[in-house]
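Written out below as structure tokens is the structure these notes cover.
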Amino acid sequence: MSSFISSIGTAVPKNRLSQKDIREFMIRHLGSSEEIRRNIELIYRASGIGHRHSVISDFGREIQDYSFFPPSLELEPFPSVASRMALYQNEAIKLAKEAALNAVSHETLKEITHLITVSCTGMYAPGIDIELIEELGLRTDIQRTSINFMGCYAAFNALKIGNSLVSSEPNSKVLIVAVELCSIHLLKNTSEDSILSNALFGDGAAAVLIESNPTSKALELKGFYADIDTSGKNAMGWYIDDFGFDMKLTSEVPEVIKKGIAKLTQKLLNQLELSASEIDHFAIHPGGKKILKVIEEELNLTAEHNKIAYDVLYNYGNMSSPTVLFVIKELMNQLTIEQNGDHVLSFAFGPGLTMESMLLKVVHS
């Protein structure tokens with residue numbers, strides 16, 4: 001039995017911040033030397049990001065108006081892990097619920113049989129899965145799965161589970177909800193890698209409905225292929241620090257992806273007995289502008305092939321796990337009846353260094 005992505009809903013916090021305002025915040029509080037200020041300036045200008053969203057409004061305010069960070073140039077006492085997790089617990093459920101309601105009608109919510117929640121920026125128990133059951137009025141005997149701390153590629157693991165469930169139980173309806181509050185984990189680290197991480201990540205949520213009998217435009221889940229290049233395991237990481245979660249993202253990441261992306265693609269296509277010429281659309285996780293560029297180089301793509309990914313990066317930044325779902329949602333919105341049967345190739349990347357690929361097929365019911 002085939003399974004389909006029949007709808008995707010997204011949500012972002014109300015605080016929409018320009019990359020310029022966030023850059024000025026970083027320079028104000030972290031720019032202790034001319035070299036650091038210059039690095040912040042260069043990295044932010046080259047990011048390809050225009051705006052990001054955050055549950056924290058301080059980035060666009062004057063110091064005396066801060067509500068999360070302490071109102072001082074030194075940002076002392078710096079927010080603790082406990083204060084960040086309290087903010088996550090209060091705000092993540094709001095975005096998760098909004099994304100779910102944007103993906104699924106109130107009538108369909110009653111039919112959901114499985115709930116998969118995805119997050120790497122906060123944890124607590126009872127968690128977001130339990131809260132979503134309460135907030136959305138889902139069945140209390142719903143089957144639940146939580147995917148935590150896997151980073152930017154985690155949505156692919158949720159989609160794989162959803163695909164397996166619906167393929168084996170055709171009457172299932174699987175709701176996936178991915179929510180990340182990356183911005184709450186700003187750390188006072190001025191290394192180039194930390195500046196890069198601070199320049200990329202934003203907050204957002206996405207929800208996906210997977211079912212066997214879509215009633216309108218949908219994307220059929222045709223296949224997945226994943227691989228790990230352990231030579232890049234130190235290029236990207238996610239660690240718990242005394243004051244928050246520390247995202248490590250180095251400039252080596254695009255090179256590791258460049259080395260493996262063609263092989264990854266070919267193995268997925270061979271598995272499905274397809275050729276590269278049969279791929280019509282691309283939905284690539286915009287982990288950063290350089291990542292998109294090296295994929296274009298290796299797969300002989302143009303920037304136009306990646307236009308949606310660039311647009312998501314510009315308008316939202318990298319939101320970790322929900323980001324690729326924002327790209328797929330926008331692609332679904334643009335597809336027409338004439339594109340029925342087209343193939344979509346999607347990628348996402350994360351710690352490991354993990355490279356995930358997925359093939360979707362456009363279906364108009």
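In this chain, numbering begins with 1 at the start of the sequence shown. Scope of the values below: all heavy atoms of this structure, side chains included, with no hydrogens, waters or symmetry mates. Computed from a predicted model, the values in this text were never measured in an experiment.
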Worksheet item: Which atom names give the shortest non-hydrogen contact between Tyr124 and Ile128, and what distance separates them?
Response: OH-CG1, 3.3 Å
Worksheet item: Under 4.5 Å between any side-chain heavy atoms of Lys259 and Ser231, yes or no?
Response: yes
Discussion item. Classify the ring geometry of His305 against Phe282: parallel below 30°, tilted from 30° to 60°, perpendicular beyond 60°.
Written reply: perpendicular
Worksheet entry | Atom pair SG (Cys152) and CE (Met319), whose distance is rounded to the nearest 0.5 Å | 10.0 Å
Item to complete: Taking the side chain as every heavy atom from C-beta outward, state whether Leu136 and Lys97 have any atom pair closer than 4.5 Å.
Response: yes
Fill in: Reported CG-to-CD distance for the pair Leu17 and Glu24, which is rounded to 0.5 angstrom
13.5 Å
Item to complete: Find out whether Phe68 and Arg84 are in side-chain contact, i.e. whether some heavy atom of one side chain is under 4.5 Å from a heavy atom of the other.
Response: yes
Worksheet entry | Val327 vs Tyr310 side-chain heavy atoms within contact, under 4.5 Å | no
Worksheet item: Would the number of heavy atoms belonging to other residues, nucleotides or ligands and lying under 6.0 Å from CD of Glu192 be above 12?
Response: no
Item to complete: Output the distance between atom NZ (Lys233) and atom OG1 (Thr354), rounded to the nearest 0.5 Å.
Response: 12.0 Å
Discussion item. When you compare the side chain of Ile210 with that of Phe4, does any pair of heavy atoms fall below 4.5 Å?
Written reply: no
Worksheet item: Are side-chain N/O atoms of Arg37 and Ser33 paired as donor and acceptor at under 3.5 Å?
Response: no
Worksheet item: Can you list the steps and then say if Lys188 with Glu76 is a salt bridge (charged side-chain N to carboxylate O under 4.0 Å, His left out)?
Response: CA-CA 10 Å; Lys188 292 200 301 181; Glu76 294 292 345; 2.5 Å; yes
Worksheet entry | Interatomic spacing from CG in Leu353 to OG1 in Thr230 - rounded to 0.5 Å | 10.0 Å
Worksheet item: Of all heavy-atom pairs between Pro70 and Pro77, which one has the smallest distance, and what is that distance?
Response: CG-O, 3.2 Å
Fill in: Sub-4.5 Å side-chain heavy-atom contact between Arg139 and Thr113
yes
Worksheet item: Given the rule in the ring-ring contact (aromatic ring centres under 6.0 Å, His included) test, do Tyr239 and Phe149 qualify, once you have shown the distances and angles that lead to the verdict?
Response: CA-CA 9 Å; Tyr239 308 96; Phe149 226 67; 8.5 Å; no
Worksheet item: Is a side-chain donor-acceptor pair under 3.5 Å present for Asn148 with Ser146?
Response: no
Discussion item. Less than 4.5 Å apart, side chain to side chain, heavy atoms only: is that true for Val12 and Asp203?
Written reply: no
Item to complete: Give a yes-or-no answer on whether the side chains of Glu304 and Thr302 include a donor-acceptor pair shorter than 3.5 Å.
Response: no
Worksheet entry | Whether over 12 other heavy atoms sit under 6.0 Å from Lys160 NZ | yes
Worksheet, complete the sentence: When Arg45, Arg52, His51 are each screened for side-chain contact (heavy atoms from CB on, under 4.5 Å) with Ile49, the one that passes is Arg52
Worksheet entry | pair Phe349-Ile261: side-chain heavy atoms closer than 4.5 Å | yes
Practice prompt. Look at Glu91 together with Lys94 and state whether they make a salt bridge at an N to O cut-off of under 4.0 Å.
Written response: yes
